[in-house]
Amino acid sequence: MSTVPGVAPAATTTTAPKPVVDVQGLVKSFDGRVVLNDVDVRVWPGKILSIIGQSGGGKTTLMRCINLLEVPDRGRIEIAGETVFSGTRVVCRDLARLRQSVGMVFQRFHLFPHLTAVENVMLAQMKARRAGEDQALENAVRLLRRVHLAHRGLAFPEQMSGGEQQRVAIARALALQPKVLLFDEPTSALDPESTREVLRVMRELADDGMTMIIVTHEVPFARRISDWVVFVDGGVIVEQGPPADVLDRPAEARTKAFLTAFDEPAAAS
Amino acid sequence: MFKVDWAQYAPDLLSGLKNTLIYTALGFAGAAVLGLLLALMRTSKTRLLRWPAGAYTEVFKNIPLIVIIYMGYYGLAGDPFDINLGVMQAAVLSLAIFYAAYLSEIFRAALVGVHSGQREAAQALGLNRMTTFGSVIFPQGVRLALAGTNTMAVDMLKSSSLLVIISAGELFQVGKSASSATFRTMEVMLVIAAIYFAMCYPLSQGLLWLERRMHDGAPLSPRRARRLRKARAMLGVAQVGVAS
């Protein structure tokens, strides 16, 4: 690995590409309870960062701060070189445009239930990008093929399995050609078969060079796919590094405890 | 049993029918617009918007319609106000004001009923607030609101008969005149009832049909129908498990 993602000292940035996502000193609390405390995360183009850790440890909040669905208390966030949050304020003038460059996939899909799969993928292209109908449709069909769902293009969300819905959600998030895709526990609401379908699509995206941040409980998957793994607990980054280090030879006691507790049930999948 | 010379009353009945439909259509349009505005105010984060909308709803939900009609036509014309509304204005206005209170309750519940994840998903896709509402929240809210709105529409059509107290010339008033002229109250009222039924029943059935179509996700606009046809052609292969 030539470029190291994460917050390793910037000595290795020989070709110096800009990080796609650069989060520094992020602090976020809800009603006085600190959920994220001075968190730094950096993701380089084409790299995949996995965030693991217990539920309620701040992983999801970290994701939601990146596209400013949640407004941090303090810190600095840069997306593709543009500062969108600085100090205590949102400095991005056009939140809608920022979010078009940061795709997001939710745990519970949140497809638009009144629209067919293909319309779900078309909507943002036409409404946020003002693409013409034909162009949006062509793109949507291409993306549905990419997630292996062209045959379900006219189905409504309630007619689809969880795995199908999540794959449509991925196609929907890809429709605006985001610079980075955020996955918030994308398989936590799915059965094993659906989980396999979704992980397969994610692996294909990774092979295509998509930059991704993945909050996941699928430790074996994270080990295979990630360039960098961050273990978050109690609102702080406890440990981070290449998956072989963090997941196989964790240095911190908390990471070890988490992984042993996790490995037993996860071993089956 | 039927002895009234109905041919003689046909023009009156037709005009009464026409008036009833006009009052209901305009009153309902007004109530829907005002009701949606009130519902948006009541779901707002700003207390300054929430409070007056809530007060409005409580006040007008708890006053009889007939009192509002009477106030609108006679009350406003009197001393401190001196506002002389025409029969049409007073009729439409009072129906709109009264039913807006009920519709705002239905619309508010529908808006709140749309899952919060929907707004987030729309935001995460870079849709602005207007588009999020127009393309994501509103269409789903309409589906949730349709059943209650249906009931209110039929109720308004029937309650427009209360406009008789301001001599609005609607269907019930025509019947009342006919019955005092002929003294055949039961016969006349049976006919009037039949006409109301003949309007209300198809209206509610039509709205039920619309509700089912919407629930099935069927395209209601030609533009969406065309879009789906295009999509079907482009997706090519047989579609699995698709609603028509």
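Just so it is clear, the model here is predicted, and its values are computed rather than measured. So you know, we letter chains A, B, ... as the sequences are listed, proteins then strands, and number each from 1.
Taken from CG in B:Asn128 to NZ in A:Lys127, the straight-line distance is 10.0 Å, to the nearest 0.5 Å. Taken from CD in A:Gln100 to CG in B:Leu127, the straight-line distance is 8.0 Å, to the nearest 0.5 Å. B:Leu125 CG to A:Arg172 CZ: the interatomic distance, rounded to the nearest 0.5 Å, is 5.0 Å.
Residues from residues 174-186 of chain A that place a non-hydrogen atom less than 4.5 Å from a non-hydrogen atom of chain B comprise A:Leu176, given in numerical order. Near-neighbour residues of residues 59-74 of chain A relative to chain B, defined by a heavy atom under 4.5 Å from a heavy atom of that chain, comprise A:Arg64, A:Asn67, A:Leu69.
A search for ring-ring contact (aromatic ring centres under 6.0 Å, His included) contacts involving B:Tyr196 returns nothing, not counting sequence neighbours.
More than 12 heavy atoms of other residues, nucleotides or ligands shown are found within 6.0 angstrom of CZ on A:Arg203. Enclosure of atom CZ in B:Arg119 is not indicated, since only 12 or fewer non-hydrogen atoms of other residues, nucleotides or ligands lie within 6.0 angstrom. Surrounding NZ of B:Lys18 are at most 12 heavy atoms belonging to other residues, nucleotides or ligands under 6.0 Å away.
Contacts of A:Glu119 with chain B are made by side-chain atoms alone, with heavy-atom separations under 4.5 Å and no backbone atom involved. For A:Met122, the part lying under 4.5 angstrom from a heavy atom of chain B is the side chain only. Interface remark: B:Arg143 contributes side-chain atoms only to the contact with chain A (heavy atom separation under 4.5 Å).
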Practice problem: Assess whether salt bridge (Lys or Arg N to Asp or Glu O under 4.0 Å) is satisfied between A:Glu133 and B:Lys230, documenting all intermediate values. | Solution: CA-CA 10 Å; A:Glu133 179 177 288; B:Lys230 248 193 247 175; 2.8 Å; yes
Exercise. Quick one: do A:Leu123 and B:Val136 satisfy side chain to side chain contact (heavy atoms under 4.5 Å, CB included)? Show the steps, please.
Key: CA-CA 9 Å; A:Leu123 182 71; B:Val136 176; 3.9 Å; yes
Exercise. Please report the C-alpha distance between B:Leu235 and A:Leu154 in whole Å, then the side-chain angles of each, then the deciding distance to 0.1 Å, and finally whether the side chain to side chain contact (heavy atoms under 4.5 Å, CB included) criterion is met.
Key: CA-CA 9 Å; B:Leu235 286 159; A:Leu154 291 178; 4.0 Å; yes
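In terms of heavy-atom pairs under 4.5 angstrom with chain A, the leader among B:Gln118, B:Gln140, B:His215, B:Arg129 is B:Gln118. The candidate from A:Val141, A:Asp94, A:Val102 with the greatest count of non-hydrogen atom pairs under 4.5 Å with chain B is A:Val141. The greatest number of non-hydrogen atom pairs below 4.5 Å with chain A, out of B:Met214, B:Gln123, B:His115, is found for B:Gln123.
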Donor-acceptor list for residues 104-114 of chain A side chains, cut-off 3.5 Å, not counting sequence neighbours:
from	atom 1	to	atom 2	distance (Å)
A:His114	NE2	B:Ser135	O	2.9

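The shortest distance between side-chain heavy atoms of B:Arg227 and A:Val118 does not fall below 4.5 Å.
Closest heavy-atom contact between B:Gly126 and A:Ala128: O-CB, 3.6 Å.
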